[in-house]
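The structure under discussion appears below in the form of structure tokens.
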Amino acid sequence: MTLQLNRNTAPIRMRNYGRIVQDMIAYASTLKQGSERDALEVYIAQCMRQRNLVWNRDQEAGFNRVREDIIRLSDGKLRCKSEAFAQAAGQPAPQVVNPKKKKNL
């Protein structure tokens, strides 16, 4: 599968991240849910955080800010809810509850 991007006329939506990050988000939004997409989300977030630190030296860009920007740039297609993203952000992994299992009291 090849992704056709019109690099010459597509405007850069957030200049502090650049066109490469925008293209990576566009590619990640075309992937199906899975480990490859989760790993790409984490990599994109790390790149965005690093670029934001270069652009804005006076303020720290945490993963929550980066998550909001990823959601905005992907038009809601990427949600950054994976365990790998939570671990990279230093947050506890989301707990998955199995509704079929019942506790015996």
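Only this structure's heavy atoms are used, side chains among them; waters, hydrogens and symmetry mates stay out.
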Please table the atom pairs, donor to acceptor, closer than 3.5 Å between any side-chain atom in residues 72-79 and protein atoms at least two apart or in another chain.
unit_1: R72; atom_1: NH1; unit_2: D69; atom_2: OD1; d: 2.9
unit_1: S74; atom_1: OG; unit_2: I70; atom_2: O; d: 3.0
unit_1: S74; atom_1: OG; unit_2: I71; atom_2: O; d: 3.4
unit_1: S74; atom_1: OG; unit_2: K77; atom_2: N; d: 3.4
unit_1: S74; atom_1: OG; unit_2: L78; atom_2: N; d: 3.1
unit_1: D75; atom_1: OD1; unit_2: R13; atom_2: NH1; d: 3.4
unit_1: D75; atom_1: OD1; unit_2: R13; atom_2: NH2; d: 3.4

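I20 and M14 fall within a single hydrophobic cluster, where Ile, Leu, Val, Met, Phe, Trp and Tyr side chains are chained together by heavy-atom contacts under 4.5 Å.
In this structure, the side chains of Q46 and V66 stay at 4.5 Å or more apart for every pair of heavy atoms.
Contact detail for L40 and A28: the closest heavy-atom pair is CD2-CB, 3.5 Å. Contact detail for M24 and Y43: the closest heavy-atom pair is SD-CE2, 3.9 Å. Considering every non-hydrogen atom in both E41 and C80, the closest pair reads OE1-CA, 3.5 Å.
Every residue two or more places apart in sequence or in another chain that forms a side-chain contact (heavy atoms from CB on, under 4.5 Å) with E36 is listed here: Y27, L31.
The neighbour count for Q50 CD, taken as heavy atoms of other residues, nucleotides or ligands under 6.0 Å away, does not exceed 12.
How far CE of M48 is from OH of Y17: 4.0 Å, rounded to the nearest 0.5 Å.
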